[in-house]
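Counting starts at 1 for both ligands and their atoms, in listed order. Hydrogens, waters and symmetry mates are skipped; everything else that's a heavy atom, side chains included, is used.
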Amino acid sequence: MTDFFGKRVSGPFTIPSGIITTNTRTMKRVANDIPQVGVITTKSIGPENKPGNKEPILHCVEPGKPGTFVNAVGLRNPGADNFAEQLSDLELPGNRFLLASVFGAIPEDMEYIVERLDPYVDGFELNFSCPHSPGHGASIGHNPDSVYKFTKAARRKTDKPILSKFSANMSGSNNSILSAMRGGSDGITAINTLGPLHHYLFDDCNMPVLYNIQGSFSGEKIRKTGIKFVKRVRELIGSDALIIGMGGITCAYDIDKYREAGADFFGIGTVLAGMTTRQMMRYMAALERDMETGDYEAKEYIWYNKSGHKNFRVSNKERLADDLCILTLDDYFDLEPGQFVFAYLPKVYDVGGESRPGEKPFSLIENDPATLVVHRRGSFSGALTELDEGDRLYLRGPCGDPVDLNSVEYGFCVAGGTGAAALYPIARALDRQDKFVSFLFGGRDEQQIAYADDRDFSQRVFLTLTTDDGSRGERGFVTDYIEREIRRAVSDETVVNVDDLTFFNCGPAPMIEVAEGIEGRYALGENIWSSMEYLTRCGYGLCGECARDDGLRSCVDGPFLNPYHMRQLEMPL
Ligand SMILES: Cc1cc2nc3c(=O)[nH]c(=O)nc-3n(C[C@H](O)[C@H](O)[C@H](O)COP(=O)(O)O)c2cc1C
């Protein structure tokens with residue numbers, strides 16, 4: 001137990017604002033599972049809902065190293081009223097300190113937000129440091145007078161502890177820090193990301209990698225600057241005020257350096273990229289032990305992003321319907337069944353006459369050559385359907401946790417619409433292991449399932465096609481045929497015991513709900529795997545957006561998830 005502003009908390013770490021604990025689902029998950037995180041810091045909350053930037057919002061700058069990232073999320077948040085409502089239902093263990101990160105454009109914003117959130121939180125962190133959000137964050141932090149006014153405004157509305165968060169790239173930051181303390185701050189959080197900078201990804205097209213064009217660094221690359229800055233802050237504010245130090249911490253040695261510089265608590269952020277929830281639990285526990293022993297056990301759990309973007313050309317385009325096409329690319333992409341990729345295009349959006357990049361997650365129906373099924377839904381998928389043979393397309397990944405097929409006796413795949421793309425590699429891999437597979441694939445009409453054939457299946461794969469309008473295969477929903485197919489498998493003796501069935505579902509949420517309900521009558525929960533469409537934005541597990549209600553993040557813990565994941569989290573580390 002450690003003391004944080006007089007509250008006994010379970011551990012010396014926080015996950016910095018904007019990383020993983022960006023909503024109440026992940027806040028709860030982290031608070032319940034990771035005692036080392038004694039301080040739960042929220043996403044920065046403003047006066048109103050702010051949708052933030054489109055994807056790409058985050059990019060790994062140095063693949064192969066344990067993570068330097070450049071990001072521009074754009075202070076995406078639900079707004080103070082909505083967030084207060086969410087917090088009113090949130091229960092956290094008593095030994096966690098709930099720190100609300102807040103930002104505003106004028107001091108009155110600060111008053112409003114602090115007043116709204118005050119009943120539900122233990123303290124506040126004023127964001128004077130977000131580097132790429134004009135009118136907020138660092139643009140206020142640069143000006144000592146403004147910092148004083150904003151801190152004073154927050155102080156008027158709360159008696160709880162206030163930290164002010166600064167970034168190391170601020171000119172005149174000494175005066176700003178002192179102004180924050182004079183205005184009523186009880187301590188300082190340092191540092192925020194370093195930037196802004198223009199970060200260019202591709203030499204050949206020289207286009208920015210982030211939608212926002214400007215982004216800023218977090219992770220390894222900013223550690224030295226962070227440590228130096230914390231030292232300066234400690235000298236400025238004296239020994240009594242509290243400092244949360246962060247920026248590129250990866251191991252206990254880094255924590256020691258921050259502690260020597262003057263930090264009391266430690267933010268562990270970007271290093272968590274790519275870790276599943278279970279890995280994050282192990283990492284944090286090891287990190288705390290390493291602080292005692294001086295070991296480097298925690299480093300074992302760090303994820304090394306092996307690849308950056310891979311550059312392809314479209315070698316074949318097959319248009320199946322007005323809003324549906326198949327793009328075959330000119331090379332393979334290395335990924336395992338259950339994993340997915342992000343497709344990136346450098347020019348998707350037109351913002352004031354300037355073209356901006358876009359990126360979205362996709363399953364590959366084949367990986368050699370890489371093949372995508374594209375259903376036009378918005379601007380990005382629209383731009384993909386406009387590609388012609390010979391055009392460039394970039395993929396990054398693989399993302400997500402592969403499904404474990406070794407223990408599967410009989411695979412039962414239920415696909416709705418483009419969800420089938422994720423299930424074909426699973427079915428094919430099982431087929432190659434000489435296992436029987438039932439493959440049920442349903443769509444709106446015959447065009448939507450036009451790519452169902454010819455996917456290299458052997459006689460061991462039993463294909464059932466359904467369409468809502470009966471234009472091909474059976475008429476009705478794909479879920480209407482699950483029980484019939486189970487009975488067929490039993491009577492043909494392709495499955496001896498119904499318990500041997502392992503279900504894989506992929507499609508829209510309502511389809512999955514119905515499928516799981518039926519399958520649950522035959523199989524144990526741990527044999528039902530579903531990939532639902534969640535809003536996966538970063539693919540590294542950092543932005544927290546794709547969390548399910550239980551706080552598991554689909555992009556690292558999934559995308560195929562089942563109740564067994566929850567039990568695994570309850571098992572001893
Ligand atoms: C994806 C992402 C989103 C972030 N969002 C915020 C934010 O909303 N508010 C804030 O004060 N800092 C934000 N930050 C900065 C972090 O809180 C932290 O200060 C910084 O990443 C340095 O720590 P790290 O190197 O361990 O990640 C964000 C950082 C990242 C990578």
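Contact atoms of ligand 1 toward P16: 16 (C), 17 (O), 18 (C) (distance under 4.0 Å to a heavy atom of the residue). Near G269, the atoms of ligand 1 lying under 4.0 angstrom from a non-hydrogen atom of the residue are 26 (O), 27 (O). Heavy-atom proximity to G248, at under 4.0 Å, picks out these atoms of ligand 1: 24 (P), 25 (O), 26 (O). Those atoms of ligand 1 with a heavy atom of G219 less than 4.0 angstrom away are 25 (O). Numbered from 1 in the order shown, with element, the atoms of ligand 1 that lie under 4.0 Å from a heavy atom of S44 read 7 (C), 8 (O), 9 (N), 10 (C), 11 (O). Listed by number with element, the atoms of ligand 1 under 4.0 Å from a non-hydrogen atom of V73 are 1 (C), 3 (C).
In terms of modelled atom types and a separation under 3.5 Å, the side chain of R289 and the main chain of E292 share no donor-acceptor contact. The main-chain N or O of K160 is found under 3.5 Å from a side-chain atom of T158 such that the two form a donor-acceptor pair.
Remark: D254 pairs with R223, I249, T250, C251 by the side-chain contact (heavy atoms from CB on, under 4.5 Å) rule, at least two apart or across chains. Qualifying side-chain contact (heavy atoms from CB on, under 4.5 Å) partners for A547, counting only residues two or more places apart in sequence or in other chains: N23, R25, T26, R553.
Contacts of R223 with ligand 1, taken as heavy-atom pairs under 4.0 Å, are absent altogether. Residue contacts with ligand 1, taken as heavy atom pairs separated by less than 4.0 Å, involve N192 via backbone and side-chain atoms alike. With a 4.0 Å heavy-atom cut-off, ligand 1 is reached by the side chain of N127 but not by its N, CA, C or O.
A cation-pi arrangement is absent between K299 and Y296, since the terminal nitrogen or guanidinium carbon is not both under 6.0 Å from the aromatic centre and inside a 45° cone about the axis. Both cation-pi conditions hold for R356 and Y211: the charged atom is under 6.0 angstrom from the six-membered ring centre and inside a 45 degree cone around its axis.
Distances from atom 19 (O) of ligand 1 to the heavy atoms of I191, T189, T250, T193 show the closest one on I191. With G46, A273, G247, G18 as candidates, the residue nearest to atom 23 (O) of ligand 1 on a non-hydrogen basis is G247. Counting only non-hydrogen atoms, the option in I15, N71, T42 that gets closest to atom 2 (C) of ligand 1 is N71.
The shortest N/O to N/O separation between K165 and ligand 1 falls below 3.5 Å. For a threshold of 3.5 Å applied to N or O pairs, the pair formed by S101 and ligand 1 contains no separation below that value.
Ring-centre distance between F4 and F265: below the 6.0 Å cut-off. In this structure, F166 has its ring center under 6.0 Å from that of F128.
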side-chain contact (heavy atoms from CB on, under 4.5 Å), that's the test. Do S355 and Y349 meet it? Break it down for me.
CA-CA 5 Å; S355 50; Y349 305 100; over 6 Å; no
